[in-house]
Asker: 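Below are the C-alpha cells for one structure; questions will follow.
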Amino acid sequence: MELIDSYLALVGFGQTGWGSLLLTAAAMTIGVSACGFLAGTIIGSIVTFMQLSRHMAVRWFADCYTTVLRGVPDLLVIYLFYFGGSAFLGSVGGLLGYRGFIGMPPFLTGTLALGVVSAAYQAEIFRGAFRSVARGEIEAASAVGMRPWPKFRRIVAPLVLRYAIPGLGNTWQLVLKESALISVTGLVELLRQSQIAAGSTRRPFEFYLTAVVLYLVVTWFSSILFRKMEARTTQGIRRAL
C-alpha cells in the first residue's frame, strides 16, 4: 500500500507530482501525431494521383518517393528536416544580416517528418483501395453522364475511404509511436517528459511505466474511433447482407 501511495504521489497532481506535465506532454504527442498524419494524408493523396497517372515519368517519381521514404529510417528523416531546415533558416537569416543560429521549430520538424514518412504508407493504402473499387460502379457513373469531379466526390472517394480506413488506422498507430523520435529535436512530448522526470527523481521505472499506460490509452481510444468509422462506412454493405 505504501508503494502505491508513493507512486500516486509521484505521478499525481499535487505539489510534488508530475501528473499535469505528463498529461501536457501526452497532449503534445497527440497534437504532433495528428498534424503529421493529416499532412501525410494530403501528401499521400497527391502521390496516389501521381501513381495512377498515365505518364510514366510521374508514376516513376511517385514510386521512387514511396520506396525511398519507406526504406529510410524515420530518425534519419527527422535529422534531415531539423538540420536541413536549420541550415536553410540560417541562410535566410544571413541574407537579412543575422549571424546567429536559427533552429528549426521542433513541432514543425515533427509534423513535416511524420507527414512525409506516413505519406509513403498512406499513398500505398489509397492506391490499393482505389484498385479495390469495382470498375462497374465507375463505368455506371460515366454512362449516366456524370462529370469527373462529381463522380470522384460522390462515388470514387467514399468507396476508396471505405477500403482505406483499416490501413489508415494502422498507419495512425505507427505515426503515434514514431512521434517519440521527435524528442531528439527538443520537443517535450510524452517520452521526453518521462525522461526529464526520471532524471530529476531517479525513479525511471515509474515514469516509463506511466508513459506506457498513457500510450496504450491513446491507442485504445484511437482503435475504437477507427472501428466506429469503419462500421459507419460499411453500414450499407452490412444492411444489404
Asker: Do the side chains of Val116 and Leu38 join up, straight or via other hydrophobic residues, at under 4.5 Å, putting them in one cluster?
Answerer: no

Asker: Going only through I, L, V, M, F, W and Y residues with side-chain contacts under 4.5 Å, is there a path from Phe88 to Leu76?
Answerer: yes

Asker: Is a side-chain donor or acceptor of Ser86 paired with a backbone partner of Met104 at a separation under 3.5 angstrom?
Answerer: yes

Asker: Is any side-chain heavy atom of Asn170 closer than 4.5 Å to one of Phe226?
Answerer: no

Asker: Can you name the ring-ring contact (aromatic ring centres under 6.0 Å, His included) partners of Tyr208, sequence neighbours left out?
Answerer: none

Asker: Counting C-beta onward and ignoring hydrogens, is there a side-chain heavy-atom pair between Leu159 and Phe130 closer than 4.5 Å?
Answerer: no

Asker: Run the side-chain donor-acceptor check on residues 54-64: report pairs under 3.5 Å with partners two or more places apart or on a different chain.
Answerer:
| from | atom 1 | to | atom 2 | distance (Å) |
| --- | --- | --- | --- | --- |
| Arg59 | NH1 | Ser53 | O | 3.0 |
| Arg59 | NH1 | Arg54 | O | 3.2 |

Asker: Please list, chain by chain and in numerical order, all residues satisfying side chain to side chain donor-acceptor pair (under 3.5 Å) with Trp18, sequence neighbours excluded.
Answerer: none

Asker: How about CZ on Arg70, more than 12 heavy atoms from neighbouring residues, nucleotides or ligands closer than 6.0 Å, or not?
Answerer: yes

Asker: What about Leu22 and Leu187, same hydrophobic cluster or not, with Ile/Leu/Val/Met/Phe/Trp/Tyr joined at side-chain heavy-atom distances under 4.5 Å?
Answerer: no

Asker: Report, as yes or no, whether the 6.0 Å neighbourhood of atom CZ on Phe101 holds more than 12 heavy atoms from other residues, nucleotides or ligands.
Answerer: yes

Asker: Could you please spell out the steps behind the side chain to side chain contact (heavy atoms under 4.5 Å, CB included) verdict for Gln193 and Ser183?
Answerer: CA-CA 9 Å; Gln193 186 62 69; Ser183 62; over 6 Å; no

Asker: Would you please test Gln195 and Ser200 for side chain to side chain contact (heavy atoms under 4.5 Å, CB included) and show each step?
Answerer: CA-CA 9 Å; Gln195 292 174 332; Ser200 299; over 6 Å; no

Asker: Which donor-acceptor pairs under 3.5 Å do the side chains of residues 118-128 make with protein atoms, sequence neighbours left out?
Answerer:
| from | atom 1 | to | atom 2 | distance (Å) |
| --- | --- | --- | --- | --- |
| Ser118 | OG | Leu114 | O | 2.8 |
| Ser118 | OG | Gly115 | O | 3.3 |
| Gln122 | OE1 | Thr41 | OG1 | 2.8 |
| Gln122 | NE2 | Phe37 | O | 3.3 |
| Glu124 | OE1 | Arg127 | NE | 3.4 |
| Glu124 | OE1 | Arg127 | NH2 | 2.7 |
| Glu124 | OE2 | Gln51 | NE2 | 2.9 |
| Glu124 | OE2 | Thr66 | OG1 | 3.4 |

Asker: Are Val217 and Tyr215 linked, directly or through intermediate hydrophobic residues, by side-chain heavy-atom contacts shorter than 4.5 Å (ILVMFWY only)?
Answerer: no

Asker: Return the set of residues passing ring-ring contact (aromatic ring centres under 6.0 Å, His included) with Tyr7 (not counting sequence neighbours), or none when no residue passes.
Answerer: none

Asker: For a quick check under 3.5 Å, do Arg192 and Thr29 share a side-chain donor-acceptor pair by atom type?
Answerer: no

Asker: With side chains defined as the heavy atoms from C-beta onward, is the minimum distance between Thr210 and Leu214 less than 4.5 Å?
Answerer: yes

Asker: Is the closest side-chain heavy-atom distance between Tyr79 and Val184 below 4.5 Å?
Answerer: yes

Asker: Determine, using the 4.5 Å side-chain heavy-atom cutoff (strictly less than), whether Leu209 and Leu10 are members of one ILVMFWY cluster.
Answerer: no

Asker: For Thr67, give me all partners under side chain to side chain donor-acceptor pair (under 3.5 Å), at least two apart in sequence or on another chain.
Answerer: none

Asker: Looking at Leu69, Leu174, Val117, which one forms a side-chain contact (heavy atoms from CB on, under 4.5 Å) with Asp74?
Answerer: Val117

Asker: What do the steps show when you test Glu230 against Arg227 for salt bridge (Lys or Arg N to Asp or Glu O under 4.0 Å), and what is the final call?
Answerer: CA-CA 5 Å; Glu230 183 178 359; Arg227 281 200 297 267; over 6 Å; no

